[in-house]
**Q** 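There's a structure below that I have some questions on.
Quick note: numbers below take in every heavy atom, side chains included, and nothing from hydrogens, waters or symmetry partners. What you are looking at is a predicted structure, and each value in this text was computed from that prediction instead of being measured.
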Amino acid sequence: MHEKTIAELAAGLAAGTFSSLELTRSCLERIERLNPELNAVVTVDAEGALEAARRADERRANGESGPLLGVPVLHKDIFCTRGMRTSCGSRMLDSFVAPYDAHVVERLREAGAVTLGKTNMDEFAMGSSNETSFYGPARNPWDADAVPGGSSGGSAAAVAARLAPAATGTDTGGSIRQPAAMCGISGLKPTYGRVSRYGMIAFASSLDQGGPMARSAEDLALLLEGMAGFDWRDSTSVDRAVPRYVEGLDGPLDGLRIGLPREYFGDGLDGTVAAALDAAIEEYRRLGAQVREVSLPNTHLAVPVYYVIAPAEASSNLARYDGVRFGYRCENPRDLEDMYKRSRGEGFGAEVKRRIMVGTYALSAGYYDAYYLKAQQVRRLIRDDFLKAFEEVDVIMGPTAPTAAFNIGEKTADPVQMYLSDVYTLAVNLAGLPALSIPAGQANGRPVGLQIIGSYFDEGRLLNAAHRFQQATDWHAAVPGGFE
Amino acid sequence: MALQPDQVDQIAHLARLSIDERDIPEYTRNLSDILEFVEQLSAVDTTGVEPLAHPLEMTQRLRPDEVTETDQRELFQAVAPATEEGLYLVPRVIE
């Protein structure tokens, strides 16, 4: 059963070929057997999962149906799950049991999805390799020496290794798309505001967006329909009807105008990645699309803008971890200030501390205009580049990451080098646009992702373009050795 | 922008982070690298460009001022490091 997509599982469940209980048991067995080498899952809730599976089977027996009814999923450990540990990959929240469910968790549960457990991630989603996790990095199923990408590295590794058919992720600067690319799965970052941030532990609130990770574009469509929708508890949630994404998957691509930003194909892009992308673009031509070059001239400024705005917002958001109401508290504090400082100093890892300090500095008296305000101005220039490009084309395509997965330890010594691995994904968050990554080839045995960026709320067109590609190719069906 | 170790100390204090004295040189180097990297923004001409705070430039929604939350103090305090009679305990502030 583990090789099936959600669409196939839904058909099997509907036909009574297998029950949710059998399916859930099969996932739990794979997690137990394969996760020790992958470290992709940090919390397993076997008892809760089996109970939810039984309930899903009951609901079906009572006449309910739906594509997610009885389908097992994993949640990135950034989503609050009531009664279940929600660690965010941090010592700070190592023993934090969330008192409520995130909107996404609630929505998927209502649709009948079965929560298997929680996935590993970079601490507070700050990282591009899963190496900043308090629990150690998840491994890439394609190569145990390689990182799975980050920050949703555990989710990507788990889906690629067929531990679960799908997982949730969050994307602040590429954290769904980049690990999806590196692990050879499909991942979608929706338009900012499409999916509620309620109960999703905040990193950089003007950039954070939750989304689905799965093995096909069709599954992403099914999951997004389940996750998206207005939620009054998130002040930036957008009140706009959720389309039936699945219904638009099969539309022809004749005349689809694809833009290739010349800035995405220049220096810094690995040659084998570029070759894989060329072949993918050629496939789109065969499918009837028109390809032309576009320009996003401020692309090179996305990384510096991001590394002002994201740390600034993070330093403010993470001020809540003070050792008072929840989370880690140091032993024997001398006084209140000592308690704050040591709880935070001991509870956070090095990368989180670095970003809090960068943000604190950027927001401090005398520097605000030079850093934060300046970054917000350039942010507008970056967004305007996209708006201009979308006057000429329907979608923008390019690499998700400049290289295939790098090795564990390769970039940890130099934070700026690590940041540059997100050069093609960050701008999308700054602009608030939707984008997805789908497998489009391999470089030296490691997967390569094709990124497709759309205009606001144009998720349907992205999913359509991705689905048609997956009907014509089989990169998305490739299984890492040892996980067949 | 190269920071000095005492500036890193001061930033850590503002952020209420205890940093081990031995780690200060590395943080100083890392933070200086990051700030130097973002320095390239200062060369961009942004005259007359409005800062973009929200990607969709939406205004914050208002909600009716009504009671919607029920009392869940016990549930929420169950995850606190130290409480007593419904209060959060912290080291003594006033002697």
Side-chain angles (χ1 to χ4, degrees), chain A residues 96-97 99 191-193 206 232 235-236 238 301 303-305 307-308 315 322-329 333-342 344-346 348 350 353-354 356-358 360-361 364 370-371 373-381 383 414-416 419 430-433 456, chain B residues 1 3 7-8 10-20 23 26-27 29-31 33-63 68 72 74-83 88-93:
Chain A
F96 174 67
V97 175
T191 306
Y192 182 78
S206 79
W232 62 270
S235 66
T236 57
V238 174
L301 298 172
V303 186
V305 168
Y307 280 96
V308 173
S315 77
D322 56 5
V324 176
R325 289 153 304 150
F326 59 99
Y328 177 81
R329 177 186 287 197
R334 280 195 314 275
D335 52 31
L336 192 63
E337 186 172 301
D338 183 53
M339 188 187 83
Y340 290 151
K341 285 186 171 176
R342 280 203 293 126
R344 292 164 61 76
E346 295 165 17
F348 292 134
K353 281 186 270 202
R354 268 197 290 274
I356 289 174
M357 286 195 278
V358 169
T360 301
Y361 181 75
S364 60
Y371 288 102
L373 213 64
K374 185 78 180 181
Q376 284 190 317
Q377 289 177 306
V378 182
R379 182 177 186 177
R380 180 178 297 276
L381 301 179
R383 193 213 43 178
D414 185 348
V416 172
Y419 298 170
L430 293 169
L433 296 164
Y456 297 109
Chain B
M1 168 94 203
L3 293 175
Q7 285 176 290
V8 173
Q10 175 60 15
I11 296 166
H13 167 71
L14 288 173
R16 298 294 183 271
L17 288 168
S18 67
I19 302 287
D20 197 311
D23 294 334
E26 195 185 340
Y27 277 106
R29 196 165 56 243
N30 288 158
L31 297 184
D33 285 351
I34 295 166
L35 292 173
E36 191 181 321
F37 176 72
V38 304
E39 199 63 35
Q40 55 184 297
L41 294 177
S42 62
V44 183
D45 181 8
T46 50
T47 318
V49 179
E50 277 291 303
L52 181 68
H54 182 297
L56 304 177
E57 297 193 78
M58 290 175 129
T59 47
Q60 293 276 296
R61 200 172 51 241
L62 297 176
R63 61 165 174 79
T68 56
Q72 300 186 73
E74 277 176 38
L75 177 67
F76 294 155
Q77 290 200 330
V79 293
T83 59
Y88 292 99
L89 297 187
V90 295
R92 182 179 291 276
V93 179

**Q** Measuring from atom CD1 of B:Ile19 to atom NZ of A:Lys353, what distance do you get when rounded to the nearest 0.5 angstrom?
**A**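 If I round to the nearest 0.5 Å, the distance is 5.0 Å.
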
**Q** Please classify the contact between A:Leu433 and chain B as side chain, backbone, both or neither, with a heavy-atom cut-off of under 4.5 Å.
**A**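 When you check distances to chain B, no heavy atom of A:Leu433 falls under 4.5 Å.
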
**Q** Check A:Leu336 against B:Val90 and note the closest heavy-atom contact, atom names and distance.
**A**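 Looking at all heavy atoms of both residues, the closest pair is CD1-CB, 3.7 Å.
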
**Q** When rounded to the nearest 0.5 angstrom, what distance separates OH in A:Tyr371 from CG in B:Leu41?
**A**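 Here the interatomic distance stands at 9.5 Å.
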
**Q** For the atom pair CD1 (B:Ile11) and CZ (A:Arg354), what is the distance rounded to the nearest 0.5 Å?
**A**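 With rounding to 0.5 Å, CD1 (B:Ile11) is 14.0 Å from CZ (A:Arg354).
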
**Q** For B:Val93, which atoms come within 4.5 Å of any heavy atom of chain A: side chain, backbone, both, or neither?
**A**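 Just the side chain, heavy atoms under 4.5 Å.
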
**Q** Is any side-chain heavy atom of A:Tyr419 closer than 4.5 Å to a side-chain heavy atom of B:Val38?
**A**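 The answer is no, as the side chains (C-beta and beyond) never meet within the 4.5 Å cut-off.
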
**Q** Is chain B contacted by the side chain of A:Ala350, its backbone, both, or neither, given a heavy-atom distance below 4.5 Å?
**A**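 A:Ala350 touches chain B through backbone and side-chain heavy atoms alike.
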
**Q** Using non-hydrogen atoms and a 4.5 Å limit, figure out which bit of A:Met339 sits close to chain B: side chain, backbone, both or neither.
**A**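 Side chain of A:Met339 only, per the 4.5 Å heavy-atom cut-off to chain B.
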
**Q** After noting the C-alpha distance and the side-chain angles of A:Arg325 and B:Phe76, does the key distance pass the side chain to side chain contact (heavy atoms under 4.5 Å, CB included) rule?
**A** CA-CA 8 Å; A:Arg325 289 153 304 150; B:Phe76 294 155; over 6 Å; no

**Q** Given heavy-atom pairs under 4.5 angstrom as the criterion, report whether the side chain, backbone, both or neither of B:Tyr27 touches chain A.
**A**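 Answer is side chain: those atoms of B:Tyr27 sit under 4.5 Å from chain A.
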
**Q** Looking at B:Arg29, B:His54, B:Glu50, which makes the most heavy-atom pairs under 4.5 Å with chain A?
**A**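 Most pairs with chain A among the choices: B:Glu50.
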
**Q** Identify which part of B:Thr68 has an atom lying under 4.5 Å from any heavy atom of chain A, answering side chain, backbone, both or neither.
**A**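 Contact with chain A: side chain only.
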
**Q** Who among B:Gln72, B:Arg63, B:His13, B:Glu26 has the most heavy-atom pairs with chain A under 4.5 Å?
**A**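 Ranked by contacts with chain A, first place is B:His13.
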
**Q** Identify the two heavy atoms, one from A:Arg380 and one from B:Pro51, that lie closest to each other, and give their separation to 0.1 Å.
**A**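 Smallest interatomic distance, heavy atoms only, reads NH2-O, 3.4 Å.
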
**Q** With only heavy atoms counted, which part of A:Phe96 is less than 4.5 Å from chain B, the side chain, the backbone, both or neither?
**A**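 The answer is the side chain of A:Phe96.
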
**Q** Only pairs of heavy atoms separated by less than 4.5 Å count here; which of A:Ser364, A:Ser235, A:Gly432 has the most with chain B?
**A**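 Top count of heavy-atom pairs under 4.5 Å with chain B: A:Ser235.
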
**Q** Within the side chain of B:Arg16, is there an N or O that forms a donor-acceptor pair under 3.5 Å with the backbone of A:Asp322?
**A**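 A pair under 3.5 Å: no.
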
**Q** Report yes or no: do A:Lys374 and B:Thr46 form a side-chain donor-acceptor pair below 3.5 Å?
**A**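 Their side chains do contain a donor-acceptor pair, which is all the 3.5 Å distance test asks for.
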
**Q** Any side-chain heavy atom of B:Leu17 sitting closer than 4.5 Å to one from A:Phe348?
**A**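 Yes, their side chains come closer than 4.5 Å.
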
**Q** Is A:Thr236 close to B:Arg61 at the side-chain level, that is, under 4.5 Å between some pair of heavy atoms?
**A**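 In short, these two side chains do not touch, never coming nearer than 4.5 Å.
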
**Q** State, to 0.1 Å, how close B:Pro55 and A:Ala431 come at their nearest heavy-atom pair, and which atoms those are.
**A**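 Reported closest heavy-atom pair: CB-O, 3.5 Å.
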
**Q** Considering only heavy atoms, which portion of A:Arg383 lies under 4.5 Å from any heavy atom of chain B: side chain, backbone, both, or neither?
**A**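 Only the side chain of A:Arg383 comes within 4.5 Å of chain B.
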
**Q** Side chain to side chain contact (heavy atoms under 4.5 Å, CB included) between A:Val238 and B:Met58: does it pass, once the steps are laid out?
**A** CA-CA 9 Å; A:Val238 174; B:Met58 290 175 129; 4.0 Å; yes

**Q** Could you state the interatomic distance from CG (A:Leu301) to CD (B:Gln40), rounded to the nearest 0.5 Å?
**A**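 Here the rounded value is 6.0 Å.
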
**Q** Answer whether the closest heavy-atom distance between the side chains of B:Pro91 and A:Glu337 falls below 4.5 Å.
**A**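 With C-beta onward as the side chain, the pair stays apart.
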
**Q** To the closest 0.5 Å, what do you measure between CG (B:Leu89) and CZ (A:Arg329)?
**A**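 The distance works out to 7.0 Å.
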
**Q** Which bit of B:Gln77 is near chain A, if near means a heavy-atom gap under 4.5 Å: side chain, backbone, both or neither?
**A**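 Neither the backbone nor the side chain of B:Gln77 comes within 4.5 Å of chain A.
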
**Q** Heavy-atom cut-off 4.5 Å, strictly under: side chain, backbone, both or neither for A:Ser206 against chain B?
**A**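 Contact with chain B: backbone and side chain both.
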
**Q** To the nearest 0.5 Å, what is the distance between CG (B:Leu56) and OH (A:Tyr456)?
**A**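 Reported to 0.5 Å precision, the distance equals 6.0 Å.
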
**Q** Measure A:Val324 against the heavy atoms of chain B and call it side chain, backbone, both or neither at under 4.5 Å.
**A**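 Both backbone and side chain.
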
